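Remarks on the structure that follows.
Only heavy atoms go into these numbers, but all of them, side chains included; no hydrogens, no water, no symmetry mates. Throughout, residue positions are numbered sequentially from 1 according to the sequence presented. Counting starts at 1 for both ligands and their atoms, in listed order. In this text, all values refer to a predicted model and were calculated from it rather than measured experimentally.
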Amino acid sequence: MMKIAVIGSNMIDLVSYITRMPTKGETLEAPDFKMGCGGKGANQAIAASRLGADVLMLTRVGNDIFADNTIANFQANGISTDYVLRTNASSGVAPIFVDPLSHNSIIIVKGANSYLSASDIQSAAEDIKKCQLIVLQLEIPTETVYAAVQFGKEHNIPVLLNPAPAQPDLILDKVKSCEFIVPNETELSLLTGMPVETEDEIRNAAMTLRDAGVKNVIVTMGQRGVLWLSEKTQQYFPPLNVNAKDTTGAGDAFIGCFASMYCKSKDIAHSIEIANHYAADSVTRLGTQTSYLNKEDFLQQYPQLSGKI
Ligand code: RIB
Ligand code: NA
């Protein structure tokens with residue numbers, strides 16, 4: 001079975017569905033609230049696992065009820081909790097605000113995620129070495145991300161970095177050995193210091209990343225589709241038309257699905273195509289992980305993909 005190591009964050013998402021943001025000093029009533037498991041690392045792990053991948057999750061939870069909830073959630077989704085490490089801190093939480101146009105604003109309080117360290121990677125080394133892909137995001141200390149990239153390089157395991165949330169102090173030189181970097185436009189701009197307003201600018205910035213040594217740059221542009229650039233190819237994937245209810249975690253759905261498809265097929269264009277569908281489908285339902293389908297339900301939504309995943 002294909003095995004993916006996700007080295008990253010977990011959070012509890014506290015999602016308020018609002019009519020508008022309150023102004024300073026104002027108390028405002030919101031019509032709805034939902035709590036769910038989130039965090040970019042966990043979201044990507046859950047999506048990959050629901051699509052059939054065997055996922056190793058290396059992450060840190062706190063010592064509160066949120067931690068128990070997160071652990072139970074990993075177990076319910078068939079992800080081993082051997083490397084879900086307890087920390088004497090609060091668990092990561094993400095208060096999220098979704099407006100009537102389905103736009104979101106997110107605050108992250110990293111809590112225990114700030115304690116995930118390079119030595120945690122070493123403790124899991126023997127099992128990570130059995131994986132075919134390492135998946136990373138930026139909700140853990142940057143030094144830990146660099147150590148994971150280095151680990152992949154030393155052990156010949158391809159690394160996928162989702163440089164999210166956008167991190168001004170990320171050093172490109174330390175992550176350029178990644179097989180895949182998957183940013184959105186904002187993250188791409190921060191990584192390259194280049195503008196990304198127009199399609200040409202986005203392509204130029206992606207080329208800069210590729211020319212720095214990143215084998216595959218996959219830019220996820222939401223309603224503008226996906227752009228893939230490698231040494232040999234440049235391919236554009238148009239967006240799918242869906243009725244968006246909540247776009248939170250759509251990027252994570254894309255990455256989890258891409259990772260799962262890529263490990264199985266090693267076909268990048270194919271994996272992007274499927275991930276594009278999976279992410280689009282996730283925005284039609286509320287929440288992050290709550291909106292990720294398992295393989296059977298996903299195929300029911302898109303029967304034309306049957307036999308392809
Ligand atoms: O990418 C979406 C995720 O970002 C949410 O689940 C939230 O936890 C934040 O980490
Ligand atoms: Na969603």
Side-chain angles (χ1 to χ4, degrees), residues 6-17 32-50 57 59-62 66-67 69-70 73-74 77 79 90-114 116 135-142 145 160-167 182-187 220-223 239-240 242-259 275-294 297-298 301:
V6 178
I7 302 176
S9 61
N10 71 87
M11 311 260 170
I12 291 294
D13 288 348
L14 307 164
V15 194
S16 296
Y17 294 91
D32 204 5
F33 171 83
K34 284 205 164 53
M35 186 171 108
C37 289
K40 295 182 193 303
N43 290 348
Q44 295 171 17
I46 295 287
S49 170
R50 287 191 184 155
M57 181 79 208
T59 193
R60 280 198 170 268
V61 293
F66 288 153
N69 205 53
T70 295
N73 181 56
F74 283 131
N77 281 279
I79 296 178
S90 65
S91 291
V93 293
I96 300 178
F97 306 92
V98 179
D99 75 11
L101 294 174
S102 94
H103 296 139
N104 60 56
S105 307
I106 304 181
I107 295 173
I108 56 167
V109 187
K110 289 184 185 167
N113 293 293
S114 310
L116 195 72
V135 178
L136 306 168
Q137 322 73 27
L138 301 180
E139 289 180 332
I140 55 172
T142 318
V145 171
L160 182 160
L161 170 66
N162 169 220
Q167 206 69 256
V182 190
N184 64 16
E185 298 101 311
T186 318
E187 293 145 11
T220 54
M221 303 177 289
Q223 287 174 334
L240 287 131
V242 290
N243 180 10
K245 286 218 182 88
D246 185 354
T247 57
T248 320
D252 299 330
F254 180 92
I255 287 167
C257 178
F258 174 84
N276 206 14
H277 283 78
Y278 193 72
D281 175 71
S282 79
V283 311
T284 65
R285 284 176 299 276
L286 298 185
T288 48
Q289 290 177 27
T290 44
S291 69
Y292 301 166
L293 297 182
N294 62 27
D297 295 335
F298 179 44
Q301 290 290 322

Structural part of Lys40 in contact with ligand 1, heavy atom criterion under 4.0 angstrom:
both

Using a strict 4.0 Å cut-off to heavy atoms of [X], name the atoms of ligand 1 that fall inside it.
X	answer
Asp252	1 (O), 2 (C), 3 (C)
Met11	8 (O), 10 (O)
Glu139	4 (O), 9 (C), 10 (O)
Ala94	7 (C), 8 (O)

Tell me whether [X] has at least one N, O or S atom under 3.0 Å from the Na ion (ligand 2).
X	result
Thr284	no
Lys245	no
Ser291	yes

For ligand 1 and Gly39, I'd like to know whether there is a polar contact (N/O to N/O, distance under 3.5 Å).
yes

For the 3.5 Å polar cut-off, considering only N or O atoms, please tell me whether Asp13 and ligand 1 meet it.
yes

Centre-to-centre under 6.0 Å for Tyr278 and Phe298, is that the case here?
yes

Does the side chain of [X] come under 3.5 Å of the side chain of [Y] through a donor N or O and an acceptor N or O?
X	Y	result
Tyr292	Asp281	no
Gln44	Asp252	yes
Asn10	Thr59	yes

Counting distance only, does the side-chain N/O of Asn113 pair as donor-acceptor with the main-chain N or O of Lys110 below 3.5 Å?
yes

Taking C-beta and beyond as the side chain, do Leu136 and Asn162 meet within less than 4.5 Å on heavy atoms?
no

Have a look at Thr288 and tell me which of Thr248, Asn104, Asp13 forms a side-chain hydrogen bond (donor to acceptor under 3.5 Å, both in side chains) with it.
Asp13

Among Asn294, Asp297, Asn77, find the one that has a side-chain hydrogen bond (donor to acceptor under 3.5 Å, both in side chains) with Arg50.
Asn77

Have a look at the Na ion (ligand 2) and estimate, to 10 degrees, the angle subtended by O (Arg285) and O (Gly287).
100°

Of all N, O or S atoms in Asp246, identify the one at the shortest distance from the Na ion (ligand 2).
O

Any heavy atom of Gly251 closer to ligand 1 than 4.0 angstrom?
no

